[in-house]
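Nothing here was measured: the structure is a model prediction, and the numbers come from that model. By convention in this document, chain letters (A, B, ...) are assigned in the order of the sequence lines, proteins followed by strands, and residues within each chain are numbered from 1.
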Amino acid sequence: MRLHEYQSKQRLAEFGVPVPHGEIAHTPKEAFYIANRQGGHVFIKAQVLAGERARSEGIKQAHTPEEAEYYTSVMLKNNIQGLPIHKVLVETTVNIAEELYIAIVNDRSSGQPVLVATATGGMHVEESAFADPDQVIKAYINPIIGLRSYQVMRIASELNLPRDLWRKFDTLVQAIYRCYVQSDATLVEINPLAITKTQQFMALDAKLIIDDNALFRHADLAAMRDTSTEDETMIRARNAKLSYIRLDGNIGCLVNGAGLAMATMDAIHFYGGKPANFLDIGGGAIAEKIQTATEIILSEPSVAVLLVNIFGGMTRCDEVAQGIITAYRNLKSAVPLIVRLQGTKSNEACEMLNQANLLRICTMNTLSQAVIQAIHEVQNVDFSS
Amino acid sequence: MRLHEYQSKQRLAEFGVPVPHGEIAHTPKEAFYIANRQGGHVFIKAQVLAGERARSEGIKQAHTPEEAEYYTSVMLKNNIQGLPIHKVLVETTVNIAEELYIAIVNDRSSGQPVLVATATGGMHVEESAFADPDQVIKAYINPIIGLRSYQVMRIASELNLPRDLWRKFDTLVQAIYRCYVQSDATLVEINPLAITKTQQFMALDAKLIIDDNALFRHADLAAMRDTSTEDETMIRARNAKLSYIRLDGNIGCLVNGAGLAMATMDAIHFYGGKPANFLDIGGGAIAEKIQTATEIILSEPSVAVLLVNIFGGMTRCDEVAQGIITAYRNLKSAVPLIVRLQGTKSNEACEMLNQANLLRICTMNTLSQAVIQAIHEVQNVDFSS
Amino acid sequence: MSILVHKLTRVLVQGITGREGRFHTGQMLEYNTNIVAGVTPGRGGEWVHGKPVFDNVESAIEATGADVSVIFVPPSYAVDAIYEAADAGIKLIICITEGIPVFEMMQVRYYLKQIGSRLIGSNCPGILVPGQCSIGIIPWQIVQKGKIGVVSKSGALCYDVVNALSAHGLGQSTIVGIGGDPILGTNFVDVLEMFENDADTDHVVLLGEIGGSEEIEAAAYIKHYMTKPVTAFIAGKSAPQGTRMGHAGAIIEGGRGTAQEKIEALSDAGVRVADHYEQIVDIIRESK
Amino acid sequence: MSILVHKLTRVLVQGITGREGRFHTGQMLEYNTNIVAGVTPGRGGEWVHGKPVFDNVESAIEATGADVSVIFVPPSYAVDAIYEAADAGIKLIICITEGIPVFEMMQVRYYLKQIGSRLIGSNCPGILVPGQCSIGIIPWQIVQKGKIGVVSKSGALCYDVVNALSAHGLGQSTIVGIGGDPILGTNFVDVLEMFENDADTDHVVLLGEIGGSEEIEAAAYIKHYMTKPVTAFIAGKSAPQGTRMGHAGAIIEGGRGTAQEKIEALSDAGVRVADHYEQIVDIIRESK
């Protein structure tokens, strides 16, 4: 789960990381008053879970409360990467001497957290990192021992930080690491990390991603979830513990297992079709969950056909069939249904589906057949519309 | 540094360990009111840093506020093992079904913390542990990984705890371990740990000892130090970072290094004398610290002679001589001085001492000579007094 | 022969009294897996499917000589179960549990490497040796004894492929589900090495996914050390780029992790990579 | 020959720019110890007593080939210094620093055992090989080359004994101060074993104290494995019982740790134990 900038900063500040003074505004008027209290010179920053806000007019510098009000009013009508902006962070401007980049992220291949830093932060950090990999400084962290100060001092040295800032840098980075561990974060990123003209470190922008598997023990973080930009379908999917991602095609997919779900999308592409979604019902799903999943897909206006690809191991095909049938009956849906079921109780399932009197249903033995049939159905729909 | 019972309980409670409701009273009247608020049935427990309070009338059960007031008034006039009682804990009585013993302590020989438990707690725990070592249940804790739940469950099993209490026991013990680690404790002991009639765990008595070397990072714990029972000399010694322990003899000892200080005491005993104190000035002490140390020893009325045994390595003997001379001059002391100095700058030091015109001074080459001379001086004093 | 486990492996089921543990213990026993005991703290003395339940792993080992453990414990206790098994001397631990926080997995993985226990998973379907034993949740109904070693990150996709292999007479030597979580106890390379050294395996099927670099490392291993033919499929070629791990993820992975890059690395190592997973059977049949 | 270190040992001083580090570096150099570099983070590029200072251990090793480190870093950073030395591959780390919190010492001791680095101390005077090198704070003015190995928990007591030995012509092969803290990186047994195997040592002096059970373990080792004579002294026979570690301490130590118990165990192992430390010289002379 990703946190907003203002939430990330709040969390980091709890561990002792210095951040600029800032307040959240939901209206232009609020922004005016906050800016006024801060002397007029503020940044207005759209709080939206998308990257590259600066390139999308999501960050503006105001020099008067009126400007703050104006930029806020423009922003709140805007959206970034399709996400509406419901609030902005009104933040005091800081006198910057230098900008660094620093992050802690889980490294899959070593199975360790890794500290990453570059001497030049800002929005071009990735490009310059790719252009000159040598300037990217890394320290792998023993997950049992934790981050050692000597590792941080070494990074301070490689970043060419002024020597009298090294201990302060260690204190800062240790605070970031504590925040990372105690928040069960998979990423903590501060970009830019400023050194102010008074030789203080300050996190000008921050991003935290929390491990979804660990949210059960972080009620405070779980409560930070911003559902204001999620529609009902997304919330329904999450509540049902369905992994659901909308895509821009028209073939709805209902599959068990993330790997098989991706492989099914790949097969649709392979035969020239376009999936409307990724949906993994997980292992051992029962009829109710399948019903919810089916209803979610059928409720999407873009879906012209539903392709079901289930290989029953822990998942029982009869439960899948039952869920699908109930959903179709509930919604009285006429969306064509292409079913490919294999494994546990697949014969029973096919029998159930055949006897369910759904409007247009087709059961197939192989995924290839099912995909070709689905694409065929879509083309029919396209012609008739 | 050892904490009082009420402080230990307060600390444990912060980590989620259940303790009975209790309040501190400094006067019998306070005890009356607290007992009254708690319905009259309370324990009155002397808050004093000594063991075996129950055997020394330091724990009393009251059934009315009047009784609470009475016991408090008696206790506050009393002392335990020579320590005055300045406050009592007035604590609600708890309905107990069973009493266990549990502690976490640093184990020197394995270099790990060890969890120790017995199924029968209370004040006889040590005797019964020695009588039947098999009933003592231990689990060694990996200091890097921490205490694992499976270890606690195993202990629950060996303690024959009811199975439905195992998870609750794990939660409790994990809280105790967190308290131990995060307080830099060298001991956390809960004795007895009660299981109440409603099947709750509750710490009826608790003892924490904090690692003195770690106090610098625990300002809150350091502030809990009770200096009300320490006299000025003890406080002065601690503030000067002198390791000082009063003993019941009459030969004052000033030595560098704990090992040499103990060996000096041993030599005094070997030749039939009795040391008045243990005092380690530490390594590399300068004149001022030596002066303080000398003044502390000379200020004790029991001291009939001062024996100095210094082997100068990091410690410079001239600094030692300077400190001693200044102290003798300051106090205009007539206590005989027996000095044995070896090592760095010992010749200069002897020269300084010889020229200082102290009243009665004797420099010796070996410790044996010095000790025999000191004992001789003491006997002279004894005869003359 | 087989890899990792065999007919005589003495299996312990941690979490045997739970819904999943109980059900799959029944399934494994039906396949004649040599399950000797179960463990659930606080449930010692019970019996499940005729097997004794112990309060802890140590006493289960003492009583039954269990040497491999399979874990069906819920995520909040699963890591503790892994530590317990490892500390009790179990050298192969198969963790089926899904949803363990990743930081704890990093810690336990590090610890197990130190003390020399192997972990498969977590969040994996386990290991199945056709005709010998099934340790985990791979449906044995679909397998067939043969010479193809299968190693997969995903579960259902693996079953589907194994089912197709069996349907075409292409039996399997050992099937290993290593799991698809970011932190894996055992990687493709580990299993490939075992297959390379296994006399009963003459062909390997590798089922990978987008994300991570295990397939790239596998390609490097295959290129330099493997003599047996490998057929692969990488799921997620058409997947949209997922939530990016900030700049850091991109910088660290350095552009690795895409299906295309994995396919290229494997192809370069001489692996035949299927465009669509149903082609795997055809590719193997053609090569015979 | 000698144990642990010798003339060619390339010594790194961590904390070389501090007051203690600087002073003792001078002392060690006066004894011709082969100090090659110092480390103080943030002070790289400076020089102390003609030796280069580096910002970190790794670069110091790269530049100078240092293979043993001696630590004079204040307690709040000393543990980090030990980890740094160990992670950089230093196999012998001598920590002079006093006052390190005991929990951190337990952690670092455990870690060093895993990665196979030896720690002497903390809170110890170090190692001195007469005529070869002094690594730590043992005053070299009092030593004499010879055949007696000395191992001690305490500092000043050790110096006093060594001084007396030298004064009577009883030279030393190696002097090792293991420190008197509750958690020791290296124990009596470790050092006794080295002396037993050292051709240059024909007699050992062991200086112990009350507390802990290292002397008991030493007695057991001597009894079963040692052929060379050992003379010992245990300080604290007349000490009052210190602050008791609650019931737990008594239960865990089971009555061990007193001077009397240690003296008996050592005597039982054939060690001649001095009643008073000035007797040590006499005992050794008598035995010659």
Please determine whether the number of non-hydrogen atoms from other residues, nucleotides or ligands lying under 6.0 Å from atom NZ of D/K91 exceeds 12. yes
For chain D, which residues of residues 149-165 of chain A have heavy atoms nearer than 4.5 angstrom: A/S149, A/Y150, A/M153, A/R154, A/S157, A/R163
Residues 166-177 of chain A: residues contacting chain D (heavy atom under 4.5 Å, by number): A/W166, A/R167
D/V57 versus chain A, heavy atoms under 4.5 Å apart: side chain, backbone, both or neither? neither
Report yes if the side chains of A/I145 and D/Q107 come closer than 4.5 Å at any heavy-atom pair, otherwise no. no
Do D/Y111 and A/I144 make a side-chain contact, defined as non-hydrogen atoms from C-beta onward lying under 4.5 Å apart? no
What do you reckon, is CZ of D/R19 surrounded by more than 12 foreign heavy atoms closer than 6.0 Å? no
Where on D/N56 is there a heavy atom nearer than 4.5 Å to chain A: the side chain, the backbone, both, or neither? side chain
